[in-house]
K.L.:
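Would you mind keeping the following structure in view while I ask a few things?
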Number of protein chains: 2
Amino acid sequence: MKSTKNAQVTLKEATAISTPKRSKRKAVPSKAKGVERIVGSVRKRNQTKILKAAEAVFAEKGFDGATTAEIAARTGVPKANVHYYFGTKQQLYDRLIENILEVWLDALDVIRPDAEPAQALGEYIERKVRASRDWPESSRVWAIEIIGGGRNVSAFLKGRLRQEVREKGKVLAKWAKDGRMDRVDPAHFMFLLWAMTQTYADFAAQIAAVLAKDRLNDKVFQTAEETIKSIILKGCGIKQEKV
Amino acid sequence: MKSTKNAQVTLKEATAISTPKRSKRKAVPSKAKGVERIVGSVRKRNQTKILKAAEAVFAEKGFDGATTAEIAARTGVPKANVHYYFGTKQQLYDRLIENILEVWLDALDVIRPDAEPAQALGEYIERKVRASRDWPESSRVWAIEIIGGGRNVSAFLKGRLRQEVREKGKVLAKWAKDGRMDRVDPAHFMFLLWAMTQTYADFAAQIAAVLAKDRLNDKVFQTAEETIKSIILKGCGIKQEKV
DNA sequence: GTCTATAACCTGATAGAC
DNA sequence: GTCTATCAGGTTATAGAC
């Protein structure tokens, strides 16, 4: 997981700007160059399309199960182009993995010593549930990676993530010391928050089937958020100083 | 998921009886036949060994990523034997999937209208955490299956599982009506219980890395159980009528 | 029952024509 | 920059010798 932030396409940035629902734009109109200057070069658009397709395939099959042929087919480009743009399958996967953690790590920022526990944890839960709703496939790629042993991300797990948990754990300990919440094992508390929020992305198929729905709609995610908030906040003795 | 309970080998039964830690028993001693009568025929022992290896490989790579060659290699038999015993890769996988849910569904039995909420939910959590500790690979095979869309188990999800959730949901509603716990969305409550307990099997690699351990030991599972119990019981307003 | 050998096909990756 | 054609190696599955 080397940093590749510099000027490269990331899925989340790019999809936020471009990717019109699903128009067949094989033959780019003559005005394309003007558009390109706004949404990015043909190169960038192709890269984005490939990344999007790759994310879907890796999320469904895992690294070993995914094939470059399927990624190419879903993108609508020849298989050779995938390799032309991203080199090996492993490099394509690595690139994708790097983008996944941004939202999750950003969300952690709200847990600060000076924050009000109910408000901070509430917002953290909101953000994590929203991430599960908006980028479920990112979550699934990550989940399959970890279930498979996490060999592609072990440096991150033992480094940055461990450090984040230690730091945020101190905040929780302080809140407990100040009598603003119960004393809970801070690491386990975070494992449980992650599990609860991410299950709505990772286990969406199971949840949808049980709820007799085709897919999880906004209402489901809202109930999820409320249920998690209510159980967590009350469960570790946080007074709702304001609702 | 057709029923195949009748006299066939299941992983859990078989491993409970046989599978000595890891002894190289390629050349079976002359007394083997006596042993066979106790632990099962050569056929059954081979089937069990293959099932065990297959579970590990499917848990790590998912269905598409797993190869019969690797399953055979880990078992220590020629690849052809795997097909001889189990037919296709799909049939082997199906067989494995069938065995996974037993423990989970059995655990649900403790949630009964006449039970005491704190005791029943406490025991349910205990059982589910124990399942994550004792059969983590079963949990992971299931997780990868669901993350990939659950196409091999959709009948179970929409049938039996939906029905179980509806039934147990009624129990929770009754407890709430009787003022023994808060009113929470029963389906979501169960999704969260599953997520919290199963994360210790599915995300074991991440949890171990963050906790700076090689693997999750008994103490970790005990803290997990206590933390989940404490947050869940308090979080939905269940009085600990007895500890 | 068991396993070697092989058929038929798929996969990642690239050379080289356009 | 793009994509067809192709290679070397891997994959499921089975025929047939033992």
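Naming convention: chains lettered A, B, ... in sequence-line order (proteins, then strands); numbering from 1 in each chain. Bear in mind that the values here come from a model prediction, so they are computed numbers and not experimental data.
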K.L.:
Considering only D:dT11, D:dA15, D:dC3, which nucleotide approaches the side chain of A:Pro78 most closely?
P.N.:
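The closest nucleotide is D:dC3.
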K.L.:
Roughly, in whole Å, what's the span from CD in A:Gln90 to P in C:dT11?
P.N.:
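It works out to 18 Å between those atoms.
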K.L.:
For the side chain of A:Ala80, counting heavy atoms from C-beta on, which of C:dT2, D:dT4, D:dA13 is nearest?
P.N.:
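Closest nucleotide to the A:Ala80 side chain: D:dT4.
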K.L.:
Kindly say if B:Asn81 contacts the phosphate of C:dC3, meaning a side-chain N or O under 4.0 Å from OP1 or OP2.
P.N.:
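Yes, within the criterion.
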K.L.:
Measure from NZ on B:Lys61 to P on D:dG10 and round the result to the nearest Å.
P.N.:
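B:Lys61 atom NZ is separated from D:dG10 atom P by 13 Å.
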K.L.:
Just the rounded figure in Å: distance from P of C:dA13 to CD1 of A:Ile71.
P.N.:
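So the CD1-P distance, A:Ile71 to C:dA13, works out to 10 Å.
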K.L.:
I want to verify a distance call: between C:dT2, D:dT2, D:dT12, whose nearest atom is closest to the B:Tyr84 side chain?
P.N.:
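Of C:dT2, D:dT2, D:dT12, C:dT2 is nearest to the side chain of B:Tyr84.
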K.L.:
Just do the side chain to side chain contact (heavy atoms under 4.5 Å, CB included) check on A:Phe86 and A:Leu51 with the steps written out, would you?
P.N.:
CA-CA 9 Å; A:Phe86 292 97; A:Leu51 281 172; 3.8 Å; yes
K.L.:
Provide, to the nearest angstrom, the distance between the NE2 atom belonging to A:His83 and the C1' atom belonging to D:dT2.
P.N.:
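Taking NE2 of A:His83 and C1' of D:dT2, I get 15 Å after rounding.
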K.L.:
Flag the pair A:Tyr124 / A:Lys168 as yes when at least one side-chain heavy-atom distance between them is below 4.5 Å, and no otherwise.
P.N.:
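No, their side chains stay 4.5 Å or more apart.
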K.L.:
Would you mind reading off the distance between A:Gln47 atom CD and D:dT2 atom C1', rounded to a whole angstrom?
P.N.:
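From A:Gln47 CD to D:dT2 C1': 14 Å.
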K.L.:
Do the charged groups of A:Lys61 and A:Glu70 touch, with an N to O distance under 4.0 Å?
P.N.:
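Yes.
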K.L.:
When you get a sec, tell me which of D:dT4, C:dA13, D:dT14 is the closest nucleotide to the side chain of A:Lys79?
P.N.:
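Nearest listed nucleotide: C:dA13.
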K.L.:
Taking only the side-chain nitrogens and oxygens of B:Thr68, find out if one of them lies under 4.0 Å from OP1 or OP2 of D:dT12.
P.N.:
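For B:Thr68, the contact criterion (side-chain N or O under 4.0 Å from OP1 or OP2 of D:dT12) is met.
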K.L.:
Categorize B:Ala72 for me: base, sugar-phosphate, or nothing, with a 4.0 angstrom heavy-atom threshold over every strand shown.
P.N.:
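It contacts nothing in the nucleic acid.
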K.L.:
Measure CG/A:Asp64 against P/D:dT12 and give the value in whole Å, please.
P.N.:
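Those two atoms, CG and P, are 12 Å apart.
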K.L.:
How long is the line joining NZ of B:Lys89 and P of D:dT14, in whole Å?
P.N.:
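So the NZ-P distance, B:Lys89 to D:dT14, works out to 14 Å.
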K.L.:
To the nearest Å, how far apart are A:Tyr85 OH and C:dT14 C1'?
P.N.:
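So the OH-C1' distance, A:Tyr85 to C:dT14, works out to 17 Å.
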K.L.:
Taking the basic N atoms (NZ, or NE/NH1/NH2) and the acidic carboxylate oxygens, is any pair closer than 4.0 Å for B:Arg151 and A:Glu60?
P.N.:
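Counted as a salt bridge, because a side-chain N and a carboxylate O are separated by less than 4.0 Å.
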K.L.:
Could you give me the CA-CA distance, side-chain angles and deciding distance for B:Gln198 and B:Phe203, then say whether side chain to side chain contact (heavy atoms under 4.5 Å, CB included) is met?
P.N.:
CA-CA 8 Å; B:Gln198 286 162 221; B:Phe203 282 67; over 6 Å; no
